[in-house]
2 protein chains.
Amino acid sequence: MVNKTNSTEFTILSAAKNIFSIKGKDGATMQEIADQAGINKALLHYYFRTKDLLFEQVFFEEVKKFSPILKNAIAQEVDLYQKIHNICEAYILMALDNPFVPVFVVGEINKQPDLFIHKLFDGDFPDFPLLAAQIKKEVDAGKIKPIQPHQLIMNMMSMCIFPFLMKPMFVVGMGIDKEVFQNLMLQRIKEVPKFIIDSIKI
Amino acid sequence: MVNKTNSTEFTILSAAKNIFSIKGKDGATMQEIADQAGINKALLHYYFRTKDLLFEQVFFEEVKKFSPILKNAIAQEVDLYQKIHNICEAYILMALDNPFVPVFVVGEINKQPDLFIHKLFDGDFPDFPLLAAQIKKEVDAGKIKPIQPHQLIMNMMSMCIFPFLMKPMFVVGMGIDKEVFQNLMLQRIKEVPKFIIDSIKI
DNA sequence: AGTTTTGTTAACCAATTGGTTAAACTATAT
DNA sequence: ATATAGTTTAACCAATTGGTTAACAAAACT
């Protein structure tokens, strides 16, 4: 029988994604994942051989969908304001779709920086230098206020992703519930570019 | 003999801080920490009884120094621009001093949100609602551009802390070395408030 | 000096955990 | 029906790991 996205495999991936995102790679146990998937632990190994492979599959399955979108948003030949909007949209939509990915990335990137980054982009990084050059050009031409490109890029990425990393803090600290949070994030697709452009436009 | 910050204890804490920040609470092992401290594993338990207690001590030792500084920066009665500057400075100086704290916080806050946040602030949260009210007042008075207070607060925190979470990414992705990174962060103490104020001022 | 307290270690223990094996069950193909 | 390939399980194994014990060394105190 030709398997239609093999149900067991899918159940496992779903459970693993869930557990990994809460407990992290080290904190999660194979037994836990098996339990949540409603199967025997040995079956995990039957499908994914090892914990490392399972983690990689869960993780990169999501991330690799995003990587080309970001690369594309950065490489496109559009004016700076439009590009800022495109990049913010790419980041925020990704995070809304996969809220655990940013948490994963922060955890892993600080454990094995070089290896992880290489895996993340498959050796084919988004062209940040190009973006930096574009910013510098606008600054030099007096089209936007003077700002170091690196600082601007950091600001942009920060505002897009950080709220997802600290969601629980915002939810508790600001007393906002999950739907409100979701809404705030949706608004940010427009708000963040606006905030940036308001800051740099002359 | 009266111990002058007991040398062994200090060595352990230092080693633990180091290992925990790289591997996370779950990823780190007591043996590893003992090795790096140059002592026997049993001595770890002699001083700190359990891994959980060691982790708590390492972590909250740093964080609890910061918590009142942030609370104070938010509660002070100064005008909004000055307050933004104070808060950014508090965040960035803290992170420069303890680059691993943000990584810790993100990891733990997503595992046990309520418990962790409560521990973090000892039940005495920074008065974010006050800050939000102050922002709203300025907006209503037409002193700054319209913006949702929550969005502005998120933007501010994001730009202060996120770069420390993704340091390896910036270092590799932008090809900047560690001293340059350090310098960029120092600049951000002034750059981030400037960026924010440029964006919201009328 | 001798006794107690504190610091340190090697060896050990029990539990957890990632991973394996061999047997059983299911379904499809012949 | 029966062989075959794929799926699932219970039981097991070896390694790691957090934590303990008992003995020993070094101060500190009397």
Side-chain angles (χ1 to χ4, degrees), chain A residues 1-61 104 107-108 110-112 115-116 119, chain B residues 1-61 100 104 107-108 111-112 115-116 119:
Chain A
M1 187 237 288
V2 184
N3 64 5
K4 23 169 208 258
T5 358
N6 187 326
S7 168
T8 304
E9 196 168 333
F10 182 78
T11 308
I12 293 175
L13 281 172
S14 181
K17 187 189 298 186
N18 194 10
I19 300 284
F20 277 138
S21 68
I22 296 170
K23 307 240 177 154
K25 183 182 164 185
D26 297 311
T29 75
M30 295 297 266
Q31 187 60 59
E32 218 177 348
I33 294 169
D35 288 347
Q36 183 148 109
I39 53 147
N40 186 289
K41 190 183 57 152
L43 203 55
L44 277 182
H45 291 94
Y46 174 75
Y47 278 107
F48 298 95
R49 289 197 59 82
T50 70
K51 188 185 183 183
D52 279 320
L53 287 174
L54 175 59
F55 179 78
E56 274 205 23
Q57 191 133 339
V58 166
F59 182 80
F60 289 103
E61 177 189 312
F104 272 11
E108 294 305 307
N110 285 285
K111 279 176 204 160
Q112 310 197 348
L115 177 68
F116 181 78
K119 271 186 181 171
Chain B
M1 189 239 286
V2 184
N3 65 6
K4 28 178 203 249
T5 1
N6 186 329
S7 168
T8 304
E9 196 169 334
F10 182 78
T11 307
I12 292 175
L13 281 171
S14 181
K17 187 190 298 187
N18 192 10
I19 300 285
F20 276 139
S21 68
I22 296 171
K23 308 240 177 156
K25 183 181 164 187
D26 297 311
T29 75
M30 295 299 264
Q31 187 60 59
E32 218 176 349
I33 293 169
D35 288 347
Q36 182 148 109
I39 53 146
N40 187 288
K41 189 182 59 153
L43 204 55
L44 276 181
H45 291 95
Y46 174 74
Y47 277 107
F48 299 95
R49 288 197 61 81
T50 70
K51 189 184 184 184
D52 279 319
L53 286 174
L54 175 58
F55 179 78
E56 274 205 23
Q57 191 133 338
V58 166
F59 182 80
F60 289 104
E61 177 188 313
F100 51 90
F104 272 11
E108 295 304 308
K111 280 175 204 160
Q112 309 196 348
L115 177 68
F116 181 80
K119 271 185 181 172

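The sequence lines fix the lettering, A, B, ..., with proteins before strands; numbering per chain opens at 1.
- One can place CG of B:Leu44 at 14 Å from P of C:dA10, the figure rounded to the nearest angstrom.
- When the side-chain contact (heavy atoms from CB on, under 4.5 Å) test is applied to A:Glu56, the partners found at least two apart in sequence or on another chain are A:Phe60, A:Lys119.
- Partners of A:Gln36 under the side-chain contact (heavy atoms from CB on, under 4.5 Å) rule, at least two apart in sequence or in another chain, are A:Ala15, A:Asn18, A:Ile19.
- Spacing between atom CD1 of B:Ile39 and atom C1' of D:dA25 amounts to 16 Å, rounded to whole angstrom units.
- Shown for residues 47-59 of chain B: residues whose heavy atoms fall under 4.0 angstrom of DNA chain D, namely B:Thr50, B:Lys51.
- In this structure, the nucleotide among D:dT21, C:dG18, C:dG7 sitting nearest to the side chain of B:Tyr46 is C:dG7.
- Within the 4.5 Å cutoff, the side chain of A:Ile39 has no heavy atoms near those of the A:Thr11 side chain.
- Atom-to-atom, NE2 of A:His45 to P of D:dC12 comes out at 18 Å; the value is rounded to the nearest Å.
- Atom CD of B:Gln112 sits in a sparse spot, with 12 or fewer heavy atoms from other residues, nucleotides or ligands closer than 6.0 Å.
- Between A:Tyr47 and A:Leu13 the shortest side-chain heavy-atom distance does not fall below 4.5 Å.
- When rounded to the nearest whole Å, the span between CG of A:Leu43 and P of C:dT21 equals 16 Å.
- Among pairs with a residue in residues 37-54 of chain B, those fulfilling salt bridge (charged side-chain N to carboxylate O under 4.0 Å, His left out) read B:Lys25-B:Asp52, at least two apart in sequence or across chains.
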Identify each atom pair where a protein N or O and an N or O of nucleotides 22-24 of chain D are less than 3.5 Å apart, giving names and distance.
none

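- Counting only heavy atoms from C-beta outward, the side chains of B:Lys111 and B:Phe116 never approach each other to under 4.5 Å.
- Near-neighbour residues of DNA chain D inside residues 19-34 of chain B, defined by a heavy atom below 4.0 Å, number-ordered: B:Ala28, B:Thr29, B:Met30.
- Atom C1' of nucleotide C:dG7 and atom NZ of B:Lys41 are separated by 18 Å, given to the nearest angstrom.
- Applying the 4.0 Å criterion to OP1 and OP2 of D:dT8, one finds that A:Asn40 has every side-chain N and O outside that range.
- Per the geometry, CD belonging to A:Glu9 stands 15 Å off C1' belonging to D:dT8, to the nearest Å.
- Evaluation of the salt bridge (charged side-chain N to carboxylate O under 4.0 Å, His left out) test over residues 27-37 of chain A, restricted to residues two or more places apart or in two chains, returns A:Lys23-A:Glu32.
- Applying the ring pair (Phe, Tyr, Trp, His ring centres under 6.0 Å) criterion to B:Phe55, with sequence neighbours excluded, gives B:Phe20, B:Phe59, B:Phe104.
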